[in-house]
Participant: 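Got a structure here, written out as structure tokens. Questions coming.
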Protein chains: 2
Amino acid sequence: MSSSAPQQRPPGKVLNINNINSSVKAAKYAVRGEIAIKSDEYRDILARGQKDKLPFDSVISANIGNPQQLDQKPITFFRQVASLLENPLLLEHEDVLVNSLDYKPDVIARAKKLLADVQSVGAYSQSQGAPIVRESVARFIEERDGYPSDPKDIFLSAGASGGVSTLLNVICADSSSGVLVPIPQYPLYTATLSLLNAQCVPYYLEEAQGWSTNLKEIHAAHEKASANGTDVRAIVIINPGNPTGSTLTAEDVRGVLEFAAEKGLVILADEVYQTNVFEGEFLSFKRVLRDLQKENPEKFKHVELASLHSISKGMVGECGHRGGYFELVGFDDAVVQEIYKFVSIQLCPPVIGQAIVEMMVNPPREGEPSFELYKTEHVGIYQGLLKRAKALHEAFKKMEGVDCQSPTGSMYLFPTISLPPKAIEQAKSEGRTPDEFYALRMLDATGVCTVPGSGFGQRPGEYHFRTTFLAPGTDWVGRIVSFHEKFMDEFR
Amino acid sequence: MSSSAPQQRPPGKVLNINNINSSVKAAKYAVRGEIAIKSDEYRDILARGQKDKLPFDSVISANIGNPQQLDQKPITFFRQVASLLENPLLLEHEDVLVNSLDYKPDVIARAKKLLADVQSVGAYSQSQGAPIVRESVARFIEERDGYPSDPKDIFLSAGASGGVSTLLNVICADSSSGVLVPIPQYPLYTATLSLLNAQCVPYYLEEAQGWSTNLKEIHAAHEKASANGTDVRAIVIINPGNPTGSTLTAEDVRGVLEFAAEKGLVILADEVYQTNVFEGEFLSFKRVLRDLQKENPEKFKHVELASLHSISKGMVGECGHRGGYFELVGFDDAVVQEIYKFVSIQLCPPVIGQAIVEMMVNPPREGEPSFELYKTEHVGIYQGLLKRAKALHEAFKKMEGVDCQSPTGSMYLFPTISLPPKAIEQAKSEGRTPDEFYALRMLDATGVCTVPGSGFGQRPGEYHFRTTFLAPGTDWVGRIVSFHEKFMDEFR
């Protein structure tokens, strides 16, 4: 058929699995993939009271960092303010709020201040985010890092996920554009690069060194991709790590910045777990970059850094509100304008989520009426996470063929499992990767939903799974231990 | 340089305006473009008290349908429930809520029901949206259309914009994929097609027939694009129209469905203004499709339709909450699975926005405690919009060289302006389109921010501007009238 003749399509549906966007088909996102979908079906079965159909009486969603689906209560200050933003008519009854509902004066004051800026949480804000929120974010970054930050460089986003999508959309020009992505990684990165039909340039993290960055690996990955004609434009770092649960040292952060400066790479610093640090100290890429720029202005003057944060993690855990931000450092003005235009097409991030960003970065201070309760809640959540992380880690240490790095950050553990050859054979005969087979068996036997390591990437021949340590109690940990024993016996 | 040698980039920034994603650069979104940005600068000048610098004392944002930024108050029932969802601790004080804060029992009951399903508005919901919300949406569609609807076919989204982006991402396979888009159109469609590097296939609406669809135009556009090798896969219809303010007749809707069935086109029905109807009756594409399928099952059995709705418009106006949904009709299961995976990468739409979707489609019913107030507010907003639409239309009728269709739906008017040749010359000398020149002059003289017709598309040689009729009062209408007079005098 000549290309100028009208195309004929066979009768039937316009769209089928073979003619839709192949980049969408190619994208993989195991965090909400087959095993997660199956766990929802199990939950439905239990909800219908059909407990005799399953060998467990509850489903544990350890596949996703979704704290408020499990045990975590929201921070009272945030939600009291949010309730006033949703219903400003309540502000006409301050006496009732204070005397009968335990709203403190700083709650009321914060709600009034936010409303004065956004007018209504039902109105679109500026596409980049409400000025008051960007102002507070900039002050927070200044206090954290000891270096200036400008509200005009802050972009609010729908979770950090929205920010990652925006940045990769602008950075990747075509299928020759590449982005260095750690392996294992949170699959948002590979999935978004698939959607953009751009190149994921994987570099392995060093499991034996607490999942730290290894510059040799990064260098080799960069060189190989460049040699193949890929225009490597950016490097993603997740610190603290997801799924690895690690926190990078100052040396690691400096090393990555030096490499990026030498090779000309934009740094995408995913710092959403910056308050989930159990060992060591969180050092932001922005702070270390500014230190390096003082030491060696010439070398680091051009560096472009985007740092992402979110209300979904930390002690906040407000995933459902879809709030986050990114700060742009060193970007060309004309590029910033294009980023602005890109986000404006979707109008603005959710305004109540923006308000929670403001409260996360600007919580009650010592001496303010809501401070004591805020501090108690914050510390309580932190201690609870730490305790569960350690308990889970202890359990993994006792399991045969399981090896797990000590938890130093984020909300995940990512143990290696040495699977018996018979299990690997069985997996292959079922058309599955061995870690998928293991995680599926775990779900079927225990109701505990995890994500197989292949969903994040791992070295060939290695097998992992990722589990959050958010679920309350220790019963579910016991279920994993006993499943594992039986699994190893079955395939021994 | 051989393609296998590592690429060298010149020193300096990695990203510049010439090497970023050209599809982002190509995208245009005038609703928040140059004129809107300039209006924000004017607003800042006035906020700083520098009134002597400008010939007006307020900026009127008539460029965007953002009701709560202007006069519109939120519906009390929605916001009372939302306040309880944000702070469920309030539910421990039902007596205070009822006796001191005027919360009715149905407000409390609704909040409990929603919380029982979503657990916390701070938790991620299912990627497709919370089950209770999808259930209510399906019941709403059944009541509206008189045909069944299934919650499994409903996808919640971040406003309708998020839904449009999802659908176009899946539908467009590559740069040969084309989508029929009405001209004038809401620029989300052309912008998203630009981002996807897919083909916009424009078809003109008939201004003289109240901006209705003209099958001859659609047919010709389809034929021309197909002859050029474009694989035309879908047709976008905005009903009631944006920016046109029109409502399609039953004949128009049937005609489009017949054409889509004959040619094999997915129908994207943007029905976000379905309650903003001032003349005639809103008929959903789903309902008319089901009617046609009864009349002629063979012809219409394969038709694929996606219908979008939103909480941002209508009498709800909750833009900042970013809530919306689409219903899929007739899509292949495997394609639906890919849509699910695509939305799961961004985890879920804002949960409080989902809750407002639930309340929009399932508001208080007659006899329920909150019904009277709900009805009063709803009718009040509707009447206010109608009154302003008519006042603005009357003003346009009196203006020299301005011609405007009678408002029958949505929240916009889109008058034609006959610009004098001298004004057109002057615009050209400033490197602007004549309508941009006119809208910019209007902003500079009056503080009223509108969007030039070129931002939506118009026939060559025609000039329009889009204005909302949301702003309170009539002073700003007077400002436009007097500006126009002076403008015409200046360039006569």
Side-chain angles (χ1 to χ4, degrees), chain A residues 3-4 6-7 9 12-17 19-21 24-25 29 32 66 68-69 74 79-80 82-83 86-87 93 96 100-101 119-124 127 161 169-170 172-173 191 226-227 229 231 233 264 266 302 304 318-322 332 334-335 338 342 344-346 350-352, chain B residues 3-4 6-7 9 12-17 19-21 24-25 29 32 66 68-69 74 79-80 82-83 86-87 93 96 100-101 119-124 127 161 170 172-173 191 226-227 229 231 233 264 266 302 304 318-322 332 334-335 338 341-342 344-346 350-352:
Chain A
S3 74
S4 64
Q7 298 193 0
R9 211 184 281 112
K13 302 285 177 205
V14 180
L15 303 177
N16 61 58
I17 194 66
N19 74 356
I20 59 168
N21 187 349
V24 171
K25 271 201 294 179
Y29 190 69
R32 293 213 153 179
N66 193 5
Q68 295 187 25
Q69 186 192 31
R79 295 301 199 90
Q80 286 181 329
S83 70
E86 286 294 354
N87 188 11
H93 305 270
V96 179
S100 307
L101 299 170
Q119 195 154 342
S120 164
V121 293
Y124 295 125
S127 295
S161 304
N169 260 282
V170 173
C172 298
S226 301
D231 176 16
R233 296 178 158 214
V266 178
H302 290 307
E304 291 144 272
E318 294 283 2
C319 308
H321 276 107
R322 312 307 298 121
D332 186 275
V335 174
E338 294 298 317
F342 182 86
S344 78
I345 296 170
Q346 291 285 324
V351 177
I352 196 89
Chain B
S3 75
S4 64
Q7 298 193 2
R9 210 182 284 111
K13 301 287 176 206
V14 180
L15 303 176
N16 60 58
I17 194 68
N19 73 355
I20 59 169
N21 186 349
V24 172
K25 271 200 294 179
Y29 190 70
R32 291 212 155 180
N66 192 6
Q68 294 188 25
Q69 186 193 32
R79 295 302 200 90
Q80 285 181 330
S83 70
E86 286 293 354
N87 188 13
H93 305 273
V96 179
S100 307
L101 298 170
Q119 193 152 344
S120 164
V121 292
Y124 295 124
S127 295
S161 305
V170 173
C172 298
S226 301
D231 176 17
R233 296 179 156 212
V266 178
H302 290 306
E304 291 144 272
E318 294 283 1
C319 308
H321 277 106
R322 312 308 297 121
D332 185 274
V335 174
E338 294 296 319
K341 185 180 67 186
F342 182 86
S344 78
I345 296 171
Q346 291 283 325
V351 177
I352 196 89

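Just so it is clear: chains get the letters A, B, ... in the order the sequence lines come, proteins before strands, and each one is counted from 1. These values consider heavy atoms only, across backbone and side chains, with no hydrogens, waters or symmetry-generated copies.
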Participant: Roughly how far, to the nearest 0.5 Å, is the CG atom of Leu101(B) from the CG atom of Asn87(A)?
Facilitator: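 Separation between the atoms: 8.5 Å.
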
Participant: Heavy-atom cut-off 4.5 Å, strictly under: side chain, backbone, both or neither for Gln119(B) against chain A?
Facilitator: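 The side chain, not the backbone.
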
Participant: Relative to chain B, which segment of Val24(A) carries a heavy atom at a distance below 4.5 Å: side chain, backbone, both, or neither?
Facilitator: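 Both parts, backbone and side chain.
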
Participant: Check the pair Val335(B) / Lys13(A) against side chain to side chain contact (heavy atoms under 4.5 Å, CB included), numbers first and verdict last.
Facilitator: CA-CA 10 Å; Val335(B) 174; Lys13(A) 302 285 177 205; over 6 Å; no

Participant: So which residue, Val96(A), Asn16(A), Leu15(A), ends up with the most heavy-atom pairs under 4.5 Å with chain B?
Facilitator: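 Highest number of pairs under 4.5 Å: Leu15(A).
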
Participant: Roughly how far, to the nearest 0.5 Å, is the OH atom of Tyr29(A) from the CD1 atom of Ile345(B)?
Facilitator: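 Between atom CD1 of Ile345(B) and atom OH of Tyr29(A) there are 8.0 Å.
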
Participant: Heavy-atom distances under 4.5 Å only: say whether Arg79(B) touches chain A with side chain, backbone, both or neither.
Facilitator: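 It is both, since atoms from each part get that close.
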
Participant: Heavy-atom pairs under 4.5 Å with chain B: which of Asp332(A), Val351(A), Val170(A) has the most?
Facilitator: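 Ranked by heavy-atom pairs under 4.5 Å with chain B, first place is Val170(A).
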
Participant: If you count heavy-atom pairs under 4.5 Å with chain B, which of Ser344(A), Pro74(A), Ala191(A) comes out on top?
Facilitator: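 That would be Ser344(A).
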
Participant: To the nearest 0.5 Å, what is the distance between CD1 (Ile17(B)) and CD (Glu338(A))?
Facilitator: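 So the CD1 of Ile17(B) and the CD of Glu338(A) are separated by 4.0 Å.
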
Participant: What distance separates Ile352(B) CD1 from Arg322(A) CZ, expressed to the nearest 0.5 Å?
Facilitator: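 Reported to 0.5 Å precision, the distance equals 14.5 Å.
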
Participant: Which atoms of Val266(B) are under 4.5 Å from chain A, going by heavy atoms: the side chain, the backbone, both sets, or neither?
Facilitator: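 Both parts, backbone and side chain.
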
Participant: Taking all non-hydrogen atoms of both residues into account, name the closest pair between Asn19(A) and Ala173(B) and its distance.
Facilitator: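 Taking every non-hydrogen atom into account, O-CB, 3.4 Å.
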
Participant: Going by the side-chain contact (heavy atoms from CB on, under 4.5 Å) test, name the single residue among Gln69(B), Gln68(B), Arg32(B) that passes it with Tyr124(A).
Facilitator: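 The side-chain contact (heavy atoms from CB on, under 4.5 Å) with Tyr124(A) is passed solely by Arg32(B) among Gln69(B), Gln68(B), Arg32(B).
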
Participant: Show the nearest heavy-atom pair for residues Ala82(A) and Glu86(B), with the distance to one decimal.
Facilitator: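 Taking every non-hydrogen atom into account, CB-OE1, 3.5 Å.
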
Participant: Do you know which of Gln80(A), Arg233(A), Glu318(A), His93(A) has the most heavy-atom pairs under 4.5 Å to chain B?
Facilitator: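 The candidate making the most pairs under 4.5 Å is Arg233(A).
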
Participant: Please name the pair of heavy atoms, one in Cys319(B) and one in Ala123(A), separated by the smallest distance, quoted to 0.1 Å.
Facilitator: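 Result for this residue pair: CB-C, 4.4 Å.
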
